[in-house]
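What follows is a set of notes on a single structure, which appears directly below.
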Protein chains: 2
Amino acid sequence: MTAEVRPASPPLTERQEARRRRILHASARLAGRGGFDAVQMREVAEAAGVALGTLYRYFPSKIHLLVATMQDQLDHLHAALRKRPPAGETASERVAETLMRAFRALQREPHLADAMVRALTFADRSVSPEVETVSRRTTAIILDAMGLEQPTPAQLSAVRVIEHTWHSVLITWVSGRASITQVKTDIETACRLIDLTAP
Amino acid sequence: MTAEVRPASPPLTERQEARRRRILHASARLAGRGGFDAVQMREVAEAAGVALGTLYRYFPSKIHLLVATMQDQLDHLHAALRKRPPAGETASERVAETLMRAFRALQREPHLADAMVRALTFADRSVSPEVETVSRRTTAIILDAMGLEQPTPAQLSAVRVIEHTWHSVLITWVSGRASITQVKTDIETACRLIDLTAP
DNA sequence: CGCTAATCTAGAACAAGTTACAGACTTGAT
DNA sequence: ATCAAGTCTGTAACTTGTTCTAGATTAGCG
């Protein structure tokens, strides 16, 4: 019920690392079909070839599991983005371009997006550290796109608002309440804040 | 599993209206204690003096119930805001002031806020109409604060981003990942977008 | 190798959201 | 006032996330 103290996790053995991978893989695969609801802990455990208790030892809840899945996907995305950086003239264009590229990646797996986004926003305090990690990685991606050495406090505020918009627009998109054009407009609108802070 | 077609709901008898009120009241009271988890359907039914099946006839899921609870609270808020409109000079100041007032109202009942915000963002497609209603009311509150007759498309975009920021910052606040000062800063930053669209 | 602690497995058990159903009660129209 | 249709009640069952337990396996160490 309350958050656990997380002592710096001991290094995993090879077989444990493999188990962890299998679990995350199974999670992503099931999510890729029916979304959040299709990720059922018993099925994940079976697909990963581990006992239910073991699954819970690795990921203390379904939300933890899905947030970890998201961390994983974000890593892939960040790597892909580094390979081909955005080409826009201004910082705000580059950020918007980057986020739209991320969005198109999500569009390719809408069910997976559903599972990850719902888990991320439903997460309670016990998952805060993991959600923070996701947030930091997102921030890093945006700052990368801006291409700044030392962002000013005003710029960091703008980035925060852009991130809020990003998360919330994803929610409305996965729940079918926003069209793809709407997503694009909202992201671009939020990105204008960057121009406001660097004239 | 899939969304139902909702035929324009027939008018409720007096006793039915009373039942509905009792249910919403019980929901808000339980939420006011332990938040989302404390709103347990069996307990709501018992506290409202209706059978479990009846509760589900009025609100087809826990999420529907909590979103309806939010609609209810928003109405109260909107009424209170109309009585004492925001006093700021510029539109963006007035919007920021209004949202901060709403935020202070939520702070007074943090558990209730938790329940409503979590439900709102976890809602899937089957709850879209109800969530849309909440969104429209929020938009109305913001437009009221701006005090405009005919908002331009650009201004409507800005309002959308402000709303995204509002929802997302609430999520981070209820999950303990953002301080109250952070909330204030983020709201004010988003509101700057309004100035950008009306020079 | 042989021991000990940690980990893993299989499966039962529990909790809360949701559904199903039989019988009692209301409502509205005649 | 009576009847049919719709609603409500009480209760059990079902589903899926989560916890627990007893015994098998594994890892690390002397």
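Chain naming here is simple, since letters A, B, ... match the order of the sequence lines and numbering starts at 1 in each.
Atom CD in A:Glu17 sits roughly 19 Å away from atom P in D:dT26 (whole-Å rounding). Distance, B:Phe36 CZ to C:dA15 C1': 15 Å, rounded to whole Å. Rounding to whole angstrom units, CG of residue A:Leu66 and P of D:dG17 are separated by 10 Å. Counting to the nearest Å, the P atom of C:dT19 and the CZ atom of B:Phe59 are 16 Å from each other. Atom-to-atom, CZ of B:Arg15 to C1' of C:dG28 comes out at 15 Å; the value is rounded to the nearest Å. In this structure, the CZ atom of A:Phe122 is 12 Å from the P atom of D:dG17, given to the nearest Å. As rounded to whole Å, 15 Å separates atom P of C:dC8 from atom CD of A:Glu14.
Here side chain to side chain donor-acceptor pair (under 3.5 Å) pairs that include residues 105-114 of chain B, with residues two or more places apart or in two chains, are B:Asp114-B:Arg118. Within the structure, side chain to side chain donor-acceptor pair (under 3.5 Å) pairs that include any residue of residues 40-57 of chain B do not occur (at least two apart or interchain).
Listed for the B:Lys62 side chain is a donor-acceptor partner under 3.5 Å among the backbone atoms of B:Val39.
Mapped onto DNA chain C by nearest heavy atom, B:Thr13 and B:Tyr56 fall at different nucleotides, with B:Tyr56 at the one closer to the 5' end.
Partners of B:Ser179 by side-chain contact (heavy atoms from CB on, under 4.5 Å), not counting sequence neighbours, listed by chain and number: B:Thr181, B:Gln182. Every residue meeting the side-chain contact (heavy atoms from CB on, under 4.5 Å) condition with B:His25, not counting sequence neighbours, appears here in chain and number order: B:Arg29. Looking at residues two or more places apart in sequence or on another chain, you find no salt bridge (charged side-chain N to carboxylate O under 4.0 Å, His left out) involving B:Arg15. Applying the salt bridge (charged side-chain N to carboxylate O under 4.0 Å, His left out) test to A:Asp75 and every residue at least two apart in sequence or in another chain returns A:Arg137.
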field: Residue pair A:His164, B:Thr165: steps toward the side-chain hydrogen bond (donor to acceptor under 3.5 Å, both in side chains) verdict
entry: CA-CA 5 Å; A:His164 285 311; B:Thr165 304; over 6 Å; no
Summary of protein contacts for nucleotides 8-16 of chain D, nucleotide by nucleotide, where a base hit scores B, a sugar-phosphate-only hit scores S (4.0 Å, heavy atoms): SBB--B--B
Only distances under 3.5 Å count here; give the side-chain donor-acceptor pairs of residues 87-96 of chain B to other protein atoms, sequence neighbours excluded, each with its distance to 0.1 Å.
residue : atom : partner  : partner atom : Å
B:Thr90 : OG1  : B:Ser92  : OG           : 3.4
B:Thr90 : OG1  : B:Glu93  : N            : 3.1
B:Ser92 : OG   : B:Asp195 : OD1          : 3.0
B:Ser92 : OG   : B:Asp195 : OD2          : 3.2
B:Glu93 : OE1  : B:Glu89  : N            : 3.0
B:Arg94 : NE   : B:Ala145 : O            : 3.0
B:Arg94 : NH1  : B:Gly88  : O            : 3.2
B:Arg94 : NH1  : B:Glu89  : O            : 2.8
B:Arg94 : NH2  : B:Met146 : O            : 3.0

What does the list of N/O pairs under 3.5 Å between the protein and nucleotides 2-5 of chain D look like, with a distance for each?
none

